[in-house]
Amino acid sequence: MDREECRERILSEDYLDFISPVYRAVTSQEIEGKDVCVLDMDFGFRAVYADKGILKPLSLENFHYNSIPNCYELMDLEAMDDAGIRVVQTYPTLQLMGGGIMIGILDTGIDYRNPLFRNIDGSTRIAGIWDQTVQTGTMPEGLDYGSEYTEEMINEALRFENPLEIVPSMDTNGHGTFIASVAAGGANLEQRFIGAAPEAELAVVKLKQAKSYLKDFYAIRQDAVCFQENDIMLAMRYLNGLARKRNMPLVLCIALGTNLGGHNGSSLLSAMLDAYSSVENRSVVVSAGNGAVHRHHFFREFRDMNDTAEAEIRVEKGVEGFVAELWTTLPNVMTVAFTSPSGERTGYLTIKQGREYRENFVFDRTEVEIEYRLLLENNDSQLIFMRFRNPSPGIWKIDVKPVRMSDGRFHMWLPVQEFLTGEVYFLEADPDTTLAEPGSSLVSMTVAFYNGIDNSVDINSGRGYTRDGRVKPDYAVPGVMVTGAGLNNEFVVRSGSSVAAGIAAGASALLMEWVLSQPGARGVNSSQIRNIILLGAQQRPGAENPNQEWGYGTMDLYRSLDILRQL
C-alpha cells in the first residue's frame, strides 16, 4: 500500500487500530489480506489499521482484549542529592555524566531550542525527533505517519532566527520537556540546575492524541490528554532503531500510565517493555503512577462460596461515563449484579464466555454494558468489563459473588482521574495495588516517588504489589517539588511519578556508563541495572523490606557503587 495512503488511514477515525502478535489474527473475522495498513513493531508485534466498515462493532466479543489499544495518560536540585546522583557526577574517580548513552523520551515532545539540550558549542544533543502529530515532513523508515527530524535538521534549525520554520515540532504541554530536562538536561548555574545525565544523548517521540472512537470505548472525556498503546509501541521501535543505528546503549523512559488492565504484566505493552529490558545495552524505567489516593481500587477476598461482596461507587454530578474492570485469577470465577441510586436492581448475570449484556436503568436513565472474558490470551484471569453511560449521580452498587472459587480474591479498578468528567470513587477503597499499568511488567524497573525534603512517602505514589503478588515498585526516587525545564526557557516545579521516572532514567544512564567502562565489560541490561540500584537502596528505619510503597527502598547511586566496590 502507498505510504501516503497508509498515513491517511492511520490518522483517520474511519479506521480502527489494533495490536497483534504475528502469530495470530487480530480478530475472528478475516481481515488479513483485505484493505488494511500494517506497521511492524519490534519483537514480533504489529499495528493493524482496518476500515471499520468491514468489521463488526468494537467489543470484547468480537476482538481480543489486548488487541484494542489501551489509552495512557501523563504521570505528572535537592532531588539529585537525595538520589545519590550529584556525588557520582562529581566524585573524582567516577565523574559519571551519561556520556555515550542515549535516553529515549516518548511523551508530549520537547522544546529542542532550550539551551539545556545543547552542547557547549550550541549544537543539539538530540539525536532525532519523531513527531507523530506533524504530517508535513518526511516519515521515518517503516513508520507511515508523522515526521522525522534528524540531528542535522535540528542543528540547521538552531542556526535560524525562527527554528520552527525548519523543524516545526513543538511541545505545547511542557511535560515531555520537563522529563527530558531532569533526565538529561545540561547545567544552568544561575538556577543551580543540572539533569541526572547531562552528557547523554536524547531521542524523542512526540505522541499523537488517541482517536475519538477509543476514548468513547473507554468512556474517556474527549478533551483528555491520552495516548494509544500502539503509538507508544511504535515509538519504542523508532527509539530502539535510532540507538541501533548509532550503536549506543538506550534507556527508555515511560512516564505514562493507566488504571485499566490486569496488573499482572500480561498486557502487550508490558510484554514489549520486558523484551526491551532483556536485550543487552537496553534499560527500561516505568513510572508507578499517582493513583494511591484517588480511591479507584477495590479489593475483597471471599471466605467461602456463600460469601458476597458489595462495591459501592460514588458518582458525582457531571460524570458523562466511566468504565470499571473486575479481575480475578482462574479458577476463581465471579459474577456481578447492579443496583442504581434509585434502587433499581438487576439479578446476577449468567456467566457465559464472550457474552455481552446491556442493562438499562429506566428511572436513572443510565445504560450499563457488561462483557465477560474467561479465556484471555496469555492470561490466567477472568475479566468483567463494565461501561456506564450517563450514570445518574449517587451511590452505584456492584454486588459480586463467586461462581467458582480457589483463593477467592478479586480486584476492581476505575479509570485514572484525568480521564473522567467528574468525581467517581469507591467508598471502601484499597490504596494498595494501585500501580499504574504498565508498572506491573515483569522485568522493567517500576519507580515510586517520595518527598526528598522530609524523606516521607508521598500519599499519591502508586503502591504495589502486583495482582499476582510480585514486588513492585522496585525502588523510590524523589518526585516532590522538583525543578526542571518549562516552556519558553523558564524553570518550573513539578511533582509526581513522571518526575521520578525521568530522574531514574538519567540515573540508569549513569550506571550503564559506569558498567560499560569497566575492564572486560560487554553489555548490561535492565535487570542488572535494577540489581545495582537495589544493592544501595536505603530503607526507612523500622520499615518492612521490601514494602508496597517503596519496594526495596530509595535510590542512592553512590551507596550502590560503594557497596559494589567492596564486594
Side-chain angles (χ1 to χ4, degrees), residues 57-68 70 217-220 258-264 266-267 296-302 305 307-313 315 321-340 344-361 366-389 391 396-416 419 424-426 428-430 433-434 437 440 466-468:
L58 190 64
S59 70
L60 302 187
E61 181 179 6
N62 297 326
F63 301 92
H64 298 288
Y65 174 78
N66 281 339
S67 288
I68 302 171
N70 215 323
F217 180 81
Y218 291 111
I220 298 171
T258 180
N259 282 355
L260 303 185
H263 293 77
N264 63 346
S266 61
S267 73
H296 285 189
H297 171 241
F298 181 88
F299 170 75
R300 284 293 184 274
E301 182 175 354
F302 291 131
M305 287 292 294
D307 205 359
T308 60
E310 183 179 77
E312 295 181 301
I313 301 175
V315 179
F322 67 94
V323 298
E325 291 186 345
L326 183 153
W327 290 84
T328 188
T329 303
L330 297 174
N332 290 311
V333 178
M334 311 293 177
T335 186
V336 294
F338 300 86
T339 304
S340 73
E344 289 184 79
R345 177 178 170 81
T346 71
Y348 283 102
L349 303 181
T350 303
I351 294 291
K352 188 175 181 180
Q353 166 68 0
R355 179 72 181 271
E356 181 176 358
Y357 297 88
R358 293 178 185 270
E359 298 290 344
N360 287 296
F361 295 86
T366 301
E367 181 181 72
V368 181
E369 302 163 347
I370 310 103
E371 295 192 60
Y372 284 105
R373 302 300 297 178
L374 278 175
L375 304 175
L376 292 165
E377 188 173 29
N378 299 330
N379 209 321
D380 60 353
S381 305
Q382 178 202 11
L383 164 66
I384 303 177
F385 182 88
M386 297 160 276
R387 186 187 300 109
F388 291 73
R389 302 281 192 188
W396 285 84
K397 298 177 182 179
I398 303 177
D399 292 307
V400 185
K401 74 172 185 178
V403 176
R404 289 180 173 273
M405 200 178 90
S406 56
D407 62 14
R409 298 173 185 172
F410 73 91
H411 299 256
M412 294 176 65
W413 284 276
L414 296 168
V416 292
F419 286 175
V424 180
Y425 55 89
F426 291 109
E428 296 184 35
D430 181 358
T433 324
T434 49
E437 290 284 55
S440 62
T466 64
R467 185 166 61 86
D468 53 344

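Quick caveat, the model's predicted, so the values are computed rather than measured. Counting begins at 1 with the first residue of the sequence.
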Hey, what do you get for CD (Glu356) to CG (Leu349), rounding to the nearest 0.5 Å? 12.0 Å
Could you check Phe217, Tyr372, Trp327 and say which one makes a ring-ring contact (aromatic ring centres under 6.0 Å, His included) with Phe385? Phe217
Once you round to the nearest 0.5 Å, how far does CD of Glu437 lie from CG of Leu260? 9.0 Å
From CA spacing to verdict: side-chain contact (heavy atoms from CB on, under 4.5 Å), Asp430, Phe298: CA-CA 5 Å; Asp430 181 358; Phe298 181 88; over 6 Å; no
Phe426 and Phe299: CA distance, side-chain angles, deciding distance, ring pair (Phe, Tyr, Trp, His ring centres under 6.0 Å) verdict: CA-CA 10 Å; Phe426 291 109; Phe299 170 75; over 10 Å; no
Using the test side-chain contact (heavy atoms from CB on, under 4.5 Å), find all partners of Lys397 that sit at least two apart in sequence or belong to another chain. Glu310, Glu312, Thr339, Ile395
Only counting residues at least two apart or in another chain, list the ones meeting salt bridge (Lys or Arg N to Asp or Glu O under 4.0 Å) with Asp399. Arg345
Could you tell me if Asn264 and Thr466 have a donor-acceptor pair between their side chains, going purely by distance under 3.5 Å? no
With Glu367 via salt bridge (Lys or Arg N to Asp or Glu O under 4.0 Å) - residues at least two apart: Arg358
To the nearest 0.5 Å, what is the distance between OG on Ser67 and CG on Asn62? 12.0 Å
Does the side chain of Glu428 come within less than 4.5 Å of Arg300's, by heavy atoms? yes
Between Trp396 and Phe322, does the ring pair (Phe, Tyr, Trp, His ring centres under 6.0 Å) criterion hold? Intermediate values first, please. CA-CA 12 Å; Trp396 285 84; Phe322 67 94; 8.0 Å; no
Nearest-0.5 Å distance, CG of residue Asn259 to CG of residue Leu414: 8.0 Å
Is there a side-chain hydrogen bond (donor to acceptor under 3.5 Å, both in side chains) between Glu325 and Tyr65? Walk through the geometry before answering. CA-CA 12 Å; Glu325 291 186 345; Tyr65 174 78; 2.7 Å; yes
Output for pair (Met405 CE, Asp307 CG), nearest 0.5 Å, gives 8.0 Å
Listed by chain and number, what are the side-chain contact (heavy atoms from CB on, under 4.5 Å) partners of Thr433, not counting sequence neighbours? His297, His411, Trp413
Looking at residues at least two apart in the chain, or sitting in another chain, which of them share a side chain to side chain donor-acceptor pair (under 3.5 Å) with Thr258? none
Under 4.5 Å between any side-chain heavy atoms of His296 and Val416, yes or no? no
Taking side-chain contact (heavy atoms from CB on, under 4.5 Å) as the criterion, tell me which of Val368, Ile370, Val323 meets it with Arg387. Val323
Which residues share a ring pair (Phe, Tyr, Trp, His ring centres under 6.0 Å) with Phe410, sequence neighbours left out: Phe302
Could you walk me through whether Leu326 and Leu383 pass the side-chain contact (heavy atoms from CB on, under 4.5 Å) test, one step at a time? CA-CA 6 Å; Leu326 183 153; Leu383 164 66; over 6 Å; no
Going by the rule side chain to side chain donor-acceptor pair (under 3.5 Å), which residues pair with Thr308 if we only count those two or more places apart in sequence or in a different chain? none
Where is the tightest heavy-atom contact between Glu371 and Leu60, given as atom of each residue plus distance? OE1-N, 2.8 Å
In short, Pro415 meets Phe419 closest at the heavy-atom pair CB-CB, 4.4 Å
List for me each residue that meets side-chain contact (heavy atoms from CB on, under 4.5 Å) alongside Arg404, sequence neighbours excluded, and say none if there are none. Val333
Listed by chain and number, what are the ring pair (Phe, Tyr, Trp, His ring centres under 6.0 Å) partners of Tyr218, not counting sequence neighbours? none
Results of salt bridge (Lys or Arg N to Asp or Glu O under 4.0 Å) for Asp407 - residues two or more places apart only: none
Partners of Tyr425 by ring pair (Phe, Tyr, Trp, His ring centres under 6.0 Å), sequence neighbours excluded? none
Taking the side chain as everything from C-beta on, heavy atoms only, tell me whether Lys401 gets closer than 4.5 Å to Tyr348. yes
From Arg409 atom CZ to Asn332 atom CG, the distance as rounded to the nearest 0.5 Å: 9.5 Å
Mind checking what makes side-chain contact (heavy atoms from CB on, under 4.5 Å) contact with Thr329, not counting sequence neighbours? Asp380, Arg467
